[in-house]
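Heads up: the structure comes next, in structure tokens.
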Amino acid sequence: MMAPPTAAGTRQAKKPTDWHTVGRRLAVGWRAVSGDTLDGRPRTDRTWTHRSTPLTTRRDDGRAPHSWDYLSRLEVAGLRAFGGFIVGGTGYAAVVEPAETLQSLQVSGLAAACSAASWAGFRGMDGMVTWKHRKEWLWPLHVVLRDILHLPEGTRPSDYLSVPAGYQDMDGNVIRVDLPGNWSNREQAQEVARLVITKLALQDVKPSVKLTGGSHHIVFVQSPRAPRAVMFADKEIRARVEKAGGSAPFLGLSHRDVAVSIDLDDESPHLMFSAAPGAGKSVLARALASQVLHHGGITIIIDFKKTSHTWAFGLPNVMYIRSVQDAHDVLVALAREGDRRMAVSEENVYRGMREESPLPMGPRILLIVEEANTMRKRLSKWWSKNKPEGDKSKESPAVEALGESLFMGRSQRMHVFMVGQSLTAQTVGGPEMREAFTARILARYTQNAWRMLVPEVSPIPKASRHSGRVQVVLAGTAHETQVIFMTDAEAREWALSGTVTKAPAVYELGEGDTPISGHTTPSHLGEEGVSDTDVRHLRSVDENTEPEPETAAIGLADAARTVCAGISGAANPGVTTPQEKRDLMALRNARGRDPQFPDHIEVKGREKMYDRRDLEVWARNRISALDEDESGTGTE
């Protein structure tokens, strides 16, 4: 039999110490307290005392390091020690004073939860406010730059791009692009700067590149932007307006306080303004019109909203149109006026050959069309209901006449300022008519509106929400401009302070006599010309139109019976029916209250006599509220 095992034999052999495992554990502990990565693999070029240069290194999987890996080792060690102290201290306190510790943890947890909720709410709200900016501007720029900069996968735009949401309206160094720390090629940096300017549609900026030291970046220095406001009351601004000529009115100030104006004779005879409501369309129209009036021109305003330009009520050099019938008539009359002025221009050519003084062309005419979209629709409806029997034309003659004015406006000193929210080709009258507007102004525009009106200008500048801030596009270049602001009183005063030319009535426009020479070929070209003695006077009206008989002057009583039926007022004796009495009182009230009431043409005894046609035009274009009597009785 075998002997039983002794006590010594039952002892197991002692395992030898695994110094390799101990070494690994000690290394992990050392890396933990020294601020190194726990796996010992360097992810950045940080040192004990210096943070790493960003955007230069990648993880083993090719992705960008965590922001924690960019801190210096001493910073990481301090944060780890602080975290360990918090955990250890809390554990020790829980053993010694568990009740107080639990209470403290509850208070601290509540405070932490409130802080986290506030932070999450802020981040969420900020994300909702800026998501469109990040989607339309920041991310497209990041897509272009990440390959050029060879950024690690997973790099976020916010890691190296600083582009505030409102950068278009900010001054100074508001845009910054951080470059990889191993970059030293200035030409590549300049290419990056060019791409940033292109993608963000920056205007008048200067990139400043820094490739020395440990922080490589590009800062974009914005030149002084257009001022926040350009007030006519400012002496310097008024001096600029006074200096501007009649053909190139002052519109506002751009970057570096550069004056912006458009020469109506040499650069663009017509202007188009496309903008959302409240962007300053009427403000710019008011400033433009008052300057044209100041230099002896006349302004025709077509305004179906009726009160867009109260400053112009009653001005002798303004024709204010509010009815569709008169809008139709005035557009057709403008085409006739253009024909008359073309005849004058032709005659002046022959006069120049004979070294004779030229015939006067006539005052400059500015046609302002408020809400062109509405005008086009109303003209079409009016024509479909009022065109002569048997006329099968679908297009309103007024639209065709507007096209003629657009094509002939430069040499005839006739200009159109068209205002609308969406000035499509159909609204203007066709793509060829829209091309007549070589100067285009946009404000608070969408990208679709920009691509439709000025596709040749790219990139698209970011639209500004600042009131009065527009983009003036001329010859393929956009100029950010703050338009001049005139109060109603200032615009009225300026319109009357220069040369005042009385505006004709609607029925008088385009009916001037024009001497036309019988020349067919200039004699100096070697061919026999027609004798200069054969001179005739042509009246620029349609050949098939019979001349209208002279309209007799009438008094207010006759007008109440025949012309202005429908306006109401208080009863007054002297006419036949109660309605005529009300109409007569309304006419007398309007004569004293409405600045646009026509002037009398003669006086018979004690009665003032008026042109019937003047009263008819006034009745169609009046503002009903101005007909109210003292008791407050209004019109229909």
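No experiment lies behind these values; they were computed from the predicted model shown. In this chain, numbering begins with 1 at the start of the sequence shown.
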Value for CZ (F417) from CZ (F437), rounded to nearest 0.5 Å, stands at 10.0 Å
Once you round to the nearest 0.5 Å, how far does NZ of K377 lie from OG1 of T374? 6.5 Å
Would a 4.5 Å heavy-atom cut-off, applied to side chains only, mark V369 and V419 as touching? no
Counting only heavy atoms not in E456, do more than 12 fall under 6.0 Å of its CD? yes
Please round to the nearest 0.5 Å and tell me the distance separating atom CG of L367 and atom CD1 of I302. 5.0 Å
The ring pair (Phe, Tyr, Trp, His ring centres under 6.0 Å) partners of F273 (sequence neighbours excluded) come to none
Could you tell me whether the side chain of D265 reaches within less than 4.5 Å of the side chain of R364, counting heavy atoms only? yes
How long is the span from the OG atom in S268 to the CG atom in L474, to the nearest 0.5 Å? 6.5 Å
Nearest 0.5 angstrom please: R469 CZ to S464 OG, how far? 5.5 Å
Set out, in order, the CA-CA distance, both residues' side-chain angles and the distance that settles side chain to side chain contact (heavy atoms under 4.5 Å, CB included) for F220 and L202, then state yes or no. CA-CA 9 Å; F220 296 84; L202 301 177; 4.2 Å; yes
Give the intermediate values and the outcome of side chain to side chain contact (heavy atoms under 4.5 Å, CB included) for residues V192 and L145. CA-CA 7 Å; V192 171; L145 295 183; 3.9 Å; yes
Determine, step by step, whether K210 and D178 satisfy the salt bridge (charged side-chain N to carboxylate O under 4.0 Å, His left out) criterion, reporting the C-alpha distance in whole Å, the side-chain angles of both residues, the deciding distance to 0.1 Å, and the verdict. CA-CA 10 Å; K210 180 184 178 184; D178 291 325; over 6 Å; no
For the residue pair W311 and H309, categorise the inter-ring angle as parallel (less than 30°), tilted (30 to 60°) or perpendicular (more than 60°). perpendicular
Cationic N near anionic O, under 4.0 Å, D159 to R146: no
Hey, is E370 close enough to R286 for a salt bridge, meaning N to O under 4.0 Å? no
Min side-chain heavy-atom separation P157-W139 under 4.5 Å: yes
As a quick check of understanding, evaluate side chain to side chain contact (heavy atoms under 4.5 Å, CB included) for M272 and L453, giving each step before the final call. CA-CA 10 Å; M272 172 187 292; L453 295 178; 3.9 Å; yes
Please name all residues satisfying ring pair (Phe, Tyr, Trp, His ring centres under 6.0 Å) with W30, sequence neighbours left out, ordered by chain then number. none
Rounded to the nearest 0.5 angstrom, the CG-OG distance for L288 and S261 is 11.0 Å
Tell me if the aromatic rings of H142 and Y160 count as close, with their centers under 6.0 Å from one another. yes
Cationic tip of R238 within the cone over F250's six-membered ring, i.e. under 6.0 Å and within 45° of the normal? no
What residue pairs, at least two apart or across chains, pass side-chain hydrogen bond (donor to acceptor under 3.5 Å, both in side chains) with a residue in residues 239-260? D204-R256, H255-E480
With side chain to side chain contact (heavy atoms under 4.5 Å, CB included) as the test, would you mind laying out the steps for L442 and V470 before giving the verdict? CA-CA 6 Å; L442 296 93; V470 304; over 6 Å; no
What I want to check is whether the side chains of Q190 and R186 have a donor and an acceptor closer together than 3.5 Å. no
Can you check whether T481 reaches Q471 side chain to side chain, under 4.5 Å on heavy atoms? no
Would you please classify the geometry between the H294 ring and the W494 ring as parallel, tilted or perpendicular, with 30° and 60° separating the classes? parallel
